[in-house]
Amino acid sequence: AQNIISAMEQPYMRCGHRISLSVSIGVAHAPRHGRDAFQLIGAANSALTDAKRFGRSNAQVARSAFRGKPMEMFRHLSEIDRALEKGEFQAHVLSPHHFMTAMETGGKITQLSTQLFAGACEHLADFRLRRIDIPLAFNLSAAELQADHIHKLMDSFASTGLPRGSIEFEITETSLIENVARVMPLIQELRSAGFRIALDDFGTGYSSLTHLQTMPINKIKIDRSFVERLATEKQSREITSALSQLATGLELAIVAEGVESEAQSNMLISRGVPLQQGYLFARPMPRDEFLSWYYKRSTPQVLSRRLCAA
């Protein structure tokens, strides 16, 4: 695989211009990663996603065998293609596991992201006309943290006329830590352009304090695993308190994810985390249902990507 990459990266001349290519390769071995073409292609595709996530111009071997069932996966991919073509993607059509597997296997993640982001911005512009001034939080997966895709989202947003401070991109801690050299410049570019950055699932990716100090972020979001254990584990309560103090010292906002009960909410408030999100407050909902829900409340809530996608 490395020989192929080296050969493909040799520059060549075209119409007087010097052209260079970068190549990413996903590798699957039979029978370890599959016993038929569909399984091997699925495993190789997953490995290719890893290769792109680790900065392109490299090869990655599949980490495990592909478990999808051919006919079921083809049906999922067909549904995804149809929804993307119509611009009416419904994220609740598939279960999360099958959905993400199908998206990864079919190479549709960035296409879906582009469509959802454009639709979410349309909703946000409509809300502002209704004098509903709320920010939009939009998740970016590891596969989406590529310069060409980020620039496509920025270009799409530029046509909306919305203030850039109204958009907050959420990036998981693991995605950032595993790809610091490649991802950090993209985050710097987004921040310099006026967008806000939140570090999602904080506490799961082993960030060093040095990384946290130098990351161009505005907010950290405590992973739901800490929230789930607040009532039963003293460690989770103490870590939550420490994270709150750390965020305050670094002048960062802090939000707790996955809040599902009043008890969890009260414990978080007592430990310095009043900003929260989760099913205690609302579940994903279609636009019209959101408007009805919103008008019944006086405190603006952050609109998540999942809500926009419903």
Side-chain angles (χ1 to χ4, degrees), residues 110 113-141 144-173 175-176 183-202 207 211-222 243-244 246-257 272-278 281-282 284-285 287 290-291 293-295 297-310:
T110 56
S113 173
T114 301
Q115 189 174 109
L116 287 180
F117 185 69
C121 288
E122 288 180 8
H123 285 324
L124 192 60
D126 176 61
F127 295 154
R128 290 178 70 85
L129 291 175
R130 298 170 184 269
R131 297 186 179 180
I132 301 177
D133 189 10
I134 57 175
L136 166 70
F138 193 84
N139 299 88
L140 291 173
S141 68
E144 295 169 77
L145 293 172
Q146 307 292 338
D148 53 352
H149 181 62
I150 295 299
H151 293 155
K152 185 178 294 185
L153 295 183
M154 292 176 69
D155 290 342
S156 173
F157 182 81
S159 65
T160 67
L162 292 166
R164 292 179 176 177
S166 62
I167 297 291
E168 180 175 271
F169 288 106
E170 295 186 359
I171 300 169
T172 64
E173 182 185 16
S175 296
L176 181 55
V183 173
M184 196 70 80
L186 295 177
I187 297 178
Q188 291 279 13
E189 185 175 359
L190 288 169
R191 284 284 282 122
S192 298
F195 297 102
R196 301 176 64 81
I197 305 293
L199 193 61
D200 203 9
D201 299 341
F202 188 75
S207 296
H211 276 141
L212 190 60
Q213 195 173 22
T214 57
M215 290 176 186
I217 60 176
N218 307 96
K219 178 187 294 181
I220 58 177
K221 303 186 71 175
I222 302 174
L243 290 177
S244 175
L246 179 63
T248 300
L250 295 176
E251 299 183 342
L252 299 174
I254 184 168
V255 178
E257 298 181 288
V273 189
L275 293 178
Q276 305 163 15
Q277 72 177 62
F281 311 105
M285 64 189 81
R287 171 186 168 279
F290 166 74
L291 290 173
W293 174 89
Y294 180 89
Y295 286 133
R297 289 157 176 79
S298 59
T299 303
Q301 303 287 325
V302 172
L303 182 62
S304 75
R305 171 186 179 170
R306 296 177 185 87
L307 184 153
C308 288

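- To the nearest 0.5 angstrom, F169 atom CZ is 10.5 Å from L145 atom CG.
- Nearest heavy-atom pair across A193 and R164 is O-CD, 2.6 Å.
- K219 places none of its side-chain heavy atoms less than 4.5 Å from the side chain of L275.
- Using a distance-only test at 3.5 Å, with no hydrogens or angles considered, no donor-acceptor pair links the side chain of R191 to the main chain of I197.
- Interatomic distance, CG of L186 versus CG of L140, reported as 9.5 Å (0.5 Å rounding).
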Exercise. Run the numbers on L136 and H123 for side chain to side chain contact (heavy atoms under 4.5 Å, CB included), then give the verdict.
Key: CA-CA 10 Å; L136 166 70; H123 285 324; over 6 Å; no
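- For the atom pair L250 CG and I220 CD1, the distance stands at 7.5 Å (nearest 0.5 Å).
- Each of D155, L190, I187 was scored for a side chain to side chain contact (heavy atoms under 4.5 Å, CB included) with I150, with one residue passing: L190.
- With hydrogens and angles left out, the side-chain atoms of E144 and S141 include a donor and acceptor closer than 3.5 Å.
- A heavy-atom distance below 4.5 Å is found between the side chains of F127 and R287.
- F202 contributes atom CZ, which lies 5.5 Å from atom CG of L243 (distance to the nearest 0.5 angstrom).
- Atom CG of D200 sits about 11.0 Å away from atom CD1 of I217, to the nearest 0.5 Å.
- Taking every heavy atom of both residues into account, V273 and S244 meet most closely at CG2-CB, 4.0 Å.
- S166 approaches F157 most closely through the heavy-atom pair OG-CZ, 4.2 Å.
- Considering every non-hydrogen atom in both F290 and M285, the closest pair reads CA-SD, 3.4 Å.
- Counting all heavy atoms, side chain and backbone alike, I254 lies closest to G272 at CG2-O, 4.4 Å.
- Salt bridge D133/R128: present, at least one basic N to carboxylate O contact under 4.0 Å.
- With values rounded to the nearest 0.5 angstrom, L199 atom CG is found 8.0 Å from I171 atom CD1.
- Of all the heavy atoms in L162 and A125, the pair that sits closest is CD2-CA, 3.9 Å.
- Without hydrogens or angle criteria, R196 side chain to N218 main chain gives no donor-acceptor distance under 3.5 Å.
- Looking at N139, its side chain never comes within 3.5 Å of a backbone N or O of E170 through a donor-acceptor pair.
- A heavy-atom distance below 4.5 Å is found between the side chains of L124 and I167.
- Between K152 and D148 there is no salt bridge, since no side-chain nitrogen of the basic residue lies less than 4.0 Å from a carboxylate oxygen of the acidic one.
- A perpendicular orientation is assigned to the rings of F138 and F117, their planes being inclined by more than 60° (bins at 30° and 60°).
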